[in-house]
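Below: the structure, in structure tokens.
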Amino acid sequence: PEAITVQELAQRMAEKGADLVKELFNLGMMVTVNQTIDQDTAELLVEQFGHNIQRVSEADVDIDTTEDVDPEESLKARPPVVTIMGHVDHGKTSLLDALRGTDVTRGEAGGITQHIGAYQITTKDKQKITFLDTPGHEAFTEMRARGANVTDIVILVVAADDGLMPQTIEAINHTKAAGVPMIVAINKCDKPEAKPQKIRERLLEHEIVVEAMSGDVQDVEVSAKTKQGLDKLLEAINLQAELLELKANPDRDAEATVIEAKLDKGKGPLATVLVTRGTLRRGDIFVVGTESGRVRALHDDKGKQIKEAGPSMPVEVLGLGGVPNAGDQLSVVENEQRAREVSAYRTEKANEKRTTMAPASFENMFSALK
Ligand code: GTP
Ligand code: MG
């Protein structure tokens, strides 16, 4: 049977918790606001206060997307989402910058007008690849723990002049735990002291057998500095992506995952999201975490206004009611009322989590007095 705390019921009826406790006392029950009451008692109270009873299930007041699977025939190919991991100073950011430089859609003069936490490039052979910028291992693990497994492929960056370091091993373990395929980028190969073969040998100790050692993990020697090997790395990503047969339904209400969010002084709350399925459009009404909103504008990773964003595309969203958290799911809903309802329900649930202490049972209360 459903149980509800007196406080929660009071909030839903917009009445004072103390008034409910008083009414319960009149009905012969000694209960505090933090205690739960059963459904029959709750309904009795609701009637006493002259409200209508509305039995709602979780599915009515929240969004459950786990049951909502897209039919096979609706699925279309989508670009891979690639996360770069590795030890401090091994060249993750430099490599990302160098890869961004290979983007054929980025005009000579255009340059990098805006930095967002995720971006997409188009390779020479017209393949799109989405990169997640410096998420850090903690962010990766945290997002995964929250069910936001957005990464399709991990690129493990190892500096050839330094070898396997603690964070390299951490990255290997996180990647294995996530069950995400890995490509090893042996970086800084321009350096005279680079020893790429030694890296391959050391990787064996962690059960990573690269192709050069007759294994099945792709390894590429690169240099973010001289741009050596970048084309090979892009090829490796595309090959891996093909094997994964990544697909999503672009023709439905959008769902997306928040990569990062902040409050901008001029523009208000901003979130960079990665569309996981459907197509996000200007004007769409959505819920994201406990916040709701309406898409006022969409910007791509070059700061350009766009009208819509499909699967695997990172976009900056304007029009949020507040700042969501990284890893929060954004879901487009049918109307504002629905958005408000879901966000109110989630806010209430979040507050409840914060404020309720373990409610003492009747027996506990009395035995404590003995
Ligand atoms: P954190 O974000 O601090 O973890 O570092 P990172 O992994 O992003 O490394 P970053 O790209 O900041 O590079 C660290 C240093 O290595 C910088 O001084 C880079 O210029 C240098 N570096 C990166 N890639 C290469 C490379 O391929 N060759 C050489 N010679 N230097 C490189
Ligand atoms: Mg960096």
Side-chain angles (χ1 to χ4, degrees), residues 81-103 106 111-121 123 129-144 150-151 153-178 180 182-203 206 208 210-212 217-237 259-262 272 274 301-302 314 326-327:
V81 178
V82 179
T83 295
I84 303 210
M85 295 173 107
H87 193 71
V88 184
D89 275 355
H90 278 200
K92 300 178 292 292
T93 303
S94 305
L95 196 59
L96 278 162
D97 286 346
L99 287 167
R100 208 194 303 232
T102 65
D103 187 358
R106 192 173 295 276
I112 298 156
T113 51
Q114 190 174 10
H115 174 83
I116 63 173
Y119 63 91
Q120 196 171 64
I121 67 163
T123 63
I129 303 173
T130 299
F131 287 100
L132 295 189
D133 201 349
T134 57
H137 303 174
E138 268 153 51
F140 181 82
T141 314
E142 160 78 9
M143 297 252 288
R144 205 164 65 80
V150 290
T151 303
I153 298 168
V154 165
I155 293 186
L156 180 71
V157 179
V158 191
D161 63 335
D162 201 20
L164 300 203
M165 299 301 280
Q167 277 182 276
T168 318
I169 291 154
E170 226 175 75
I172 291 172
N173 293 336
H174 287 315
T175 308
K176 277 187 184 165
V180 175
M182 179 192 285
I183 295 171
V184 179
I186 306 175
N187 192 30
K188 307 201 186 184
C189 283
D190 59 283
K191 287 195 162 184
E193 63 270 36
K195 292 196 183 67
Q197 188 55 22
K198 211 173 127 206
I199 307 284
R200 296 188 184 98
E201 283 161 16
R202 290 284 317 281
L203 282 168
H206 300 274
I208 307 282
V210 298
E211 284 186 340
V217 175
Q218 297 190 82
D219 59 311
V220 189
E221 290 184 16
V222 297
S223 163
K225 192 178 171 190
T226 65
K227 318 260 188 295
Q228 158 205 344
L230 292 190
D231 281 347
K232 267 202 165 153
L233 181 58
L234 292 173
E235 258 171 51
I237 294 168
I259 304 300
E260 60 181 25
K262 61 174 184 200
T272 298
L274 184 73
D301 56 354
K302 295 160 188 101

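All ligand and atom numbering here is 1-based and tracks the order in the structure. Given the structure is predicted, the values throughout are model-derived calculations rather than measurements.
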Quiz item: Any chance the side chains of Asp162 and His90 put a donor and an acceptor closer than 3.5 Å?
Solution: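 Judged by distance alone, the side chains do pair up.
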
Quiz item: Taking it one step at a time, do Lys195 and Glu201 satisfy salt bridge (charged side-chain N to carboxylate O under 4.0 Å, His left out)?
Solution: CA-CA 10 Å; Lys195 292 196 183 67; Glu201 283 161 16; over 6 Å; no

Quiz item: So which of Lys188, His87, His90 gets nearest to atom 15 (C) of ligand 1, if we judge by its closest heavy atom?
Solution: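 The nearest heavy atom belongs to Lys188.
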
Exercise. Ignoring hydrogens, just give me the one of Asp190, Asp89, Leu96, Asp162 whose non-hydrogen atom is nearest atom 28 (N) of ligand 1.
Key: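 Heavy atom nearest to atom 28 (N) of ligand 1 belongs to Asp190.
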
Quiz prompt | Location of contacts on Val88 toward ligand 1, heavy atoms closer than 4.0 Å | solution =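 Both of them.
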
Quiz item: If you draw a 6.0 Å radius around NZ in Lys198, do more than 12 non-hydrogen atoms from other residues or ligands fall strictly inside?
Solution: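 Not more than 12 within 6.0 Å, no.
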
Counting distance only, does the side-chain N/O of [X] pair as donor-acceptor with the main-chain N or O of [Y] below 3.5 Å?
{"X": "Lys92", "Y": "Gly86", "answer": "yes"}
{"X": "Gln218", "Y": "Ala236", "answer": "yes"}
{"X": "Asp219", "Y": "Ile186", "answer": "no"}

Are any of the N/O atoms on [X], whether in the backbone or the side chain, positioned under 3.5 angstrom from an N/O atom of ligand 1?
{"X": "Thr93", "result": "yes"}
{"X": "Gly91", "result": "yes"}
{"X": "Leu95", "result": "no"}

Report, in ascending order of atom number, the atoms of ligand 1 lying under 4.0 Å from any heavy atom of [X].
{"X": "Lys191", "value": "30 (N)"}
{"X": "Asn187", "value": "24 (N), 25 (C), 27 (O)"}
{"X": "Lys92", "value": "1 (P), 4 (O), 5 (O), 6 (P), 7 (O), 8 (O), 9 (O), 11 (O)"}

Practice problem: For the Mg ion (ligand 2), decide whether Ser94 has an N, O or S atom at a distance under 2.8 Å. | Solution: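 Of the N, O and S atoms in Ser94, none lies under 2.8 Å from the Mg ion (ligand 2), which means no.
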
Quiz item: Does ligand 1 have any atom that is closer than 4.0 Å to a heavy atom of Gln167?
Solution: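 Distance cut 4.0 Å: Gln167 fails for ligand 1.
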
Self-check item: Partner residues of Asp231 under the side-chain contact (heavy atoms from CB on, under 4.5 Å) criterion, sequence neighbours left out
Solution: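 side-chain contact (heavy atoms from CB on, under 4.5 Å) check on Asp231 returns Lys124, Leu234.
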
Quiz item: About how many Å separate CE of Met85 and CD1 of Ile155, when rounded to the nearest 0.5 Å?
Solution: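 Rounded to the nearest 0.5 Å, the CD1-CE separation comes out at 12.0 Å.
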
